[in-house]
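Down below is the structure, laid out as structure tokens.
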Amino acid sequence: MSEFKDKRVLITGGSRGIGLGLARFFVDRQARVAICGRKETNLNQAREALGGNVLTVPAHLGKPEDVEQLFKTVQQEFGALEILVNNMGMNIFTPATVEAEVALWDKIMDSNLRATFLVCRQAFPLMKNGGGVIVNVSSTAGLRAAPGMGIYGIAKAGINMLTRVLARELAAYGIRVNAVAPGMVETDFSKPFWGNEDILKELLKGIPLGRIARVEDVVQAVSFLASGQSAYLTGEILSLSGGSEA
Ligand SMILES: NC(=O)c1ccc[n+]([C@@H]2O[C@H](COP(=O)([O-])OP(=O)(O)OC[C@H]3O[C@@H](n4cnc5c(N)ncnc54)[C@H](OP(=O)(O)O)[C@@H]3O)[C@@H](O)[C@H]2O)c1
């Protein structure tokens, strides 16, 4: 029997890409899964793809009131949470940092770093009695400066530190907090990079394993961090970069 059977799992941004792959992983193992995203059409398609076995909640995580509403629904339906995957992320492309509008900086910070903080803050009361696991989906852009991804990378670096801080603060509640930091992954999000033959060729020069990551690679890493196999790991940022320096 799967160790995830009947576990209550929330995956933010679970309607497409990596999040949908994660939702499929946990649904296949008979977990009780909730996903959120901004667009109902994406959520409906995901629900259909997952055979209806998922709670879908429309929520824009850049908006605190949506995060609050998301957790009202999760609490009503699940009562508590054992696994939270902060997968949602947006705005990978950023202009040169010193030329960025303040509004863009705020939007990227709010939708990535603040959103992760808000979700963790709301998840804590649902986890503190029974313990649990939080896995944040960060990026190698948060570990090293990447061209064209400056402010996004700064937000992801903030998520890495949030991971370490929460790992310390929540250990006493039996809550482990870790992150995965993938390099380029084959989803729509980064298609403008890997979908361009010249950029892809350049990228592959720096990846010893000779390919960019697949959704499945990230799913395997997240599932390890969510499982009992990583019971003594907390506060770690697992770089998933195919061997490129991180
Ligand atoms: N793909 C890569 O190369 C790569 C590499 C490293 C790290 N990552 C990280 O991996 C995570 C997932 O990326 P992905 O490639 O799977 O992205 P994706 O294919 O663009 O999917 C993003 C998911 O998040 C939802 N979403 C986007 N903005 C949201 C918001 N403000 N509030 C709520 N939901 C929102 C989307 O649904 P709606 O559009 O309906 O809202 C969708 O379900 C992100 O944190 C990203 O930074 C990706």
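Only this structure's heavy atoms are used, side chains among them; waters, hydrogens and symmetry mates stay out. We count ligands from 1, going down the list as the structure has it; atoms in each ligand are counted the same way. Worth saying up front: this structure is predicted, and the values here are computed from it rather than measured.
- Of all heavy-atom pairs spanning A141 and M149, the tightest one is CB-SD, 4.0 Å.
- Rounding to the nearest 0.5 Å gives a distance of 7.0 Å between CG of L20 and CD1 of I35.
- Residues passing the side chain to side chain donor-acceptor pair (under 3.5 Å) test with T94, sequence neighbours excluded: none.
- Considering only residues two or more places apart in sequence or on other chains, F4 meets the ring-ring contact (aromatic ring centres under 6.0 Å, His included) condition with F25, F26.
- Qualifying salt bridge (Lys or Arg N to Asp or Glu O under 4.0 Å) partners for R176, counting only residues two or more places apart in sequence or in other chains: none.
- Protein residues having at least one heavy atom under 4.0 Å from any atom of ligand 1 are G13, G14, S15, R16, G17, I18, G37, R38, K39, N42, A59, H60, L61, N87, M88, G89, M90, V137, S138, S139, Y152, K156, P182, G183, M184, V185, T187, F189, S190, listed by chain and number.
- If you run salt bridge (Lys or Arg N to Asp or Glu O under 4.0 Å) between E82 and each of K7, R8, R32, K5, only R8 comes through.
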